[in-house]
Amino acid sequence: MRTNQPQTICLSDYKVPAYLVDQVDLRFELFEDGARVHSVLSVRRNPESSGGDEPLYLHGDSLVLESVALNGTPLAAGDFDDLGDALVVSSVPEAFELQVVTWIEPQNNTRLEGLYKSSGMFCTQCEAEGFRCITFYPDRPDVMARFRTRIEADRDAYPVLLSNGNPVAKGDLEGGRHYVTWEDPFPKPAYLFALVAGDLVEKKDTFTTCSGRSIDLRMYVEPRNAQKCDFALDALKRSMRWDEDVYGREYDLDIFMIVAVDDFNMGAMENKGLNIFNSSCVLASQETATDAAFQRIEAIVAHEYFHNWSGNRVTCRDWFQLSLKEGFTVFRDAQFSADMGSPTVKRIEDATLLRTAQFAEDAGPMAHPVRPASYMEISNFYTLTIYEKGAEVVRMIHNLLGESLFRQGSDLYFQRHDGQAVTTDDFVRAMEDASGRDLSQFRLWYEQAGTPALTVTDEFDEERCVYRLTVRQSVPDTPGQTGKKPQHIPFAVGLLGRDGQPLPLLFSAGSDDAPVERVLELTEREHCFEFHGVSERPVPSLLRGFSAPVRVHYPWTREQLLFLMNHDPDGFNRWDAGQRLAVDVIQSLIVAPEAEVEPRLVDAYRSLLRNTGLDQALVAKMLQLPSEAYLIELSEQADVAAIHRAREAVLSHLATHLRDELLACYHCNSAQGDYQLTPDSVARRSLRNTALGWLLHIGDQQGLVLAQEQLRSADNMTDRLGALRALVNSDFVEERTQALEGFYQAFREDPQVVELWFSVQAASVRAGQLPQITQLLEHEAFDWKNPNKVRSVIGAFASQNLAAFHNPDGSGYAFLATQVCRLDDSNPQIASRLVTPLTRWRKFAPEYRVLMKSALERVRDKDRLSGDVYEVVHKSLAD
Ligand code: PHE
Ligand code: ZN
């Protein structure tokens, strides 16, 4: 842990590595009281480095150095410096072998970086800079080496020993121990190294690649999870096929392994040939996983698999390029999910995440470009901007180039850079070279932080039959970045006539080329587009399909929004029109709490509930009211209590006036036949559970009976949790207490379900007030060392239960500050993520702001604050 101030690292200081490593030979001796790591590095000077005779610099963190030798000769104390966070050997030959032995204590590693223990098994997490917690090494992604790894451990306690690549040797050792040796033929950066040792069951499958090679697929889990592997293995096979079909990418090793671990800081990790997953992102069964969990698992399995090409075969030159692999891979997994399910729903979900959370990040103190220019702790930069906005940037390139040129660009990228560590600029250049398009202005998407805003105005010239759209763009200032240039923005639009028909979009009077949708390319601060042959004032449908990650301001009337909700052929914009209308209605109630709820909103929701003709998946999405988090993001100075009150009032009003329709919707979507994961059955469950939630929200007795019956009889977790959530968010205090207790008793043995159980309460304004949250922390199933438990209670409280967290007495803030300080000592990465809600203090009305700020200052003043939390807190308190 740091005691001094962490350093800022700048992209502009990048230098090629002075030394390269060709081969790494590792031998791990695993024991209960620690592990000894023997490393042999084949090192040579980098011919591309101008460094003269620079010393050899190896990173290290929390290591005990036992010995170091050069070409077999032990180094004396004066030949090297052990700086604590580095081992420096000052004079070395052109090429040599370095032997290093270190001692580490995985059993005491609560940071979950490097080698650690999770439920009795050894596992690793090396991205971004965890390998240096295992041994001294040039721990940077542009140093790529071949790894050979021998693992030695007790045979009974750790029968399964895994690492990257292919197994090449195994055998018994003295004292009941054994070993396995693995060899990975592909050079890789150290962040992709992995090791697992445990008593695990193996689930096997095979996949035949497009060239006819047979790949062994293996999933390793604790014995109690043996029944929760099928879905992930199936998703893996679908991902492998999809990547061949859509990107022409074939898997390269003979074996592909997935391991599930309970203690994990993130979702999953793409280690070469040995992906390691957070249990909650890979284990599933109908009885224990919700539809949302199944979809998340499918997407993450695909994401990690796709990294084998976008990330592993072609990797990042340095961590400023993180979005090179993450943005591209998120884009790929989003395409995959769209192909597996409902493209419109997937787009709505992605846009919602972006607009709610990434826009907030882009407007907050940690705002950074998709390719940041500096950082203190790289682990703070695994952000929505790098991942989600990065994926949007790739998506815009895809849409500007079109399917076929984009594919040629990606082929060129993989061909040109296979086996290399490259930059986002290399990616864009491959796209330019394959397509002949100039993306120089487009590159600003990688360099400028902040969410561009488009202000759209229109005029209709009845005499000339011309409709004119004027679009002004501006990119807001962000910390350290002002005076930004206009960006290249693809802006998809359509126009609807009075009868709801799409109008042809003619740029000049006589032309006959008239598509009904156009992607306008905005490159100037202000752009004016004229559409000819328009005989009546049309309703514009703007930013169709969310064609760019921007905010759009246009003075829509409620009339126009209702019209778009009913007529827009673009499913995304239909949904968006409904959201904008609901936002407008809720906002007017924030200003005037006594005002009447717009009756046309009630009518619109009524016709949605009755509309069986429309795609039910879209209807299910359209019924969701905008979240409190989104309403906060949209406001200048959020008054959380007023937002909460207004949203609840609209919800109650809708539920009261639509009670009969809700009951009808519940019954008409009730479970029929076997549980299925098709978009339609997912939509039906979503509709039914939304209806149930609304009914219980208004204390409906019949709803209560339905919820209790559903909780008893459901054959799947989606319906069971839907009923539990409805009860938890109701005022039926006794019934909800009973339901919670029964649910816990039924699922107490299953950590993934217990996490759901925690988060349903922690996210509920009714069941998750601070005293109840404090009780959850004392619960037998809560575990401070397990990130999922921490997230499901503290994380859910601070980021989903906004009215309780923002209690005007400041107790929620003080609580979070205390927990962040506590977690900072054991797991700084988790602490740093958890503190995020407080860092947004500037967004709130003054009475909240003061209290949030003082909670942050308490965190700032903590003793021995980690570098992770230091960076976030200091940046958010800076002027
Ligand atoms: N690289 C992982 C992914 O995106 C995420 C991750 C980052 C996991 C850092 C662990 C540590 O798939
Ligand atoms: Zn990733």
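Reckoned from all heavy atoms, side chains included, excluding hydrogens, waters and symmetry mates. Counting convention: from 1, in listed order, for ligands and their atoms alike.
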Check your understanding: Hey, is ligand 1 close enough to Glu127 that some N/O pair sits below 3.5 Å?
Key -> yes
Exercise for review: Using distance alone, determine whether Tyr382 and ligand 1 share an N or O pair under 3.5 Å.
Suggested key: no
Review point. Is the gap between the ring centers of Tyr251 and Phe207 under 6.0 Å?
Key: no
Exercise for review: Give the atoms of ligand 1, by number and element, whose distance to some non-hydrogen atom of Glu304 is under 4.0 Å.
Suggested key: 3 (C), 12 (O)
Exercise for review: Enumerate the atoms of ligand 1 whose separation from the nearest heavy atom of Glu270 is less than 4.0 angstrom.
Suggested key: 1 (N), 2 (C), 3 (C), 12 (O)
Exercise for review: Find out whether the Lys NZ or Arg CZ of Arg332 is both under 6.0 angstrom from the six-membered ring centre of Phe336 and within 45° of the ring's axis.
Suggested key: no
Practice item. For Gln752 and Thr288, test the side chains for any donor-to-acceptor distance below 3.5 angstrom and give the result as yes or no. Key: no
Check your understanding: Ion pair present between Arg347 and Glu392, side-chain N to carboxylate O less than 4.0 angstrom?
Key -> yes
Review point. When you measure from atom 8 (C) of ligand 1 to every protein heavy atom, which one gives the shortest distance, and what is it?
Key: Ala268 O, 3.3 Å
Exercise for review: Considering the heavy atoms of His307, write down every atom of ligand 1 situated less than 4.0 Å from one of them.
Suggested key: 3 (C), 4 (O), 12 (O)
Review point. If you look at His303, which of its N/O/S atoms is nearest to the Zn ion (ligand 2)?
Key: NE2
Exercise for review: Give the residue and atom name of whichever protein heavy atom lies nearest to atom 4 (O) of ligand 1, and the separation in Å to one decimal.
Suggested key: Tyr387 OH, 2.6 Å
Point to revise | Residue Gln125 vicinity, atoms of ligand 1 by number, heavy atom under 4.0 Å | key: 10 (C), 11 (C)
**Study point:** Under 2.8 Å: N/O/S of Glu270 next to the Zn ion (ligand 2)
**Key:** no
Check your understanding: With respect to the Zn ion (ligand 2), what is the nearest N, O or S atom of Glu326?
Key -> OE1
Check your understanding: With under 30° as parallel and over 60° as perpendicular, where do the rings of Tyr305 and Phe256 fit, or are they tilted in between?
Key -> perpendicular
Check your understanding: Looking just at side-chain N and O atoms, do Asp425 and Thr423 make a donor-acceptor pair shorter than 3.5 Å?
Key -> no
Point to revise | Parallel, tilted or perpendicular: rings of His303 and Tyr387 (30°, 60°) | key: parallel
Practice item. Could you list which atoms of ligand 1 come closer than 4.0 Å to a heavy atom of Lys325? Key: 1 (N)
**Study point:** salt_bridge(Glu361, Lys389) N-O dist < 4.0 Å
**Key:** no
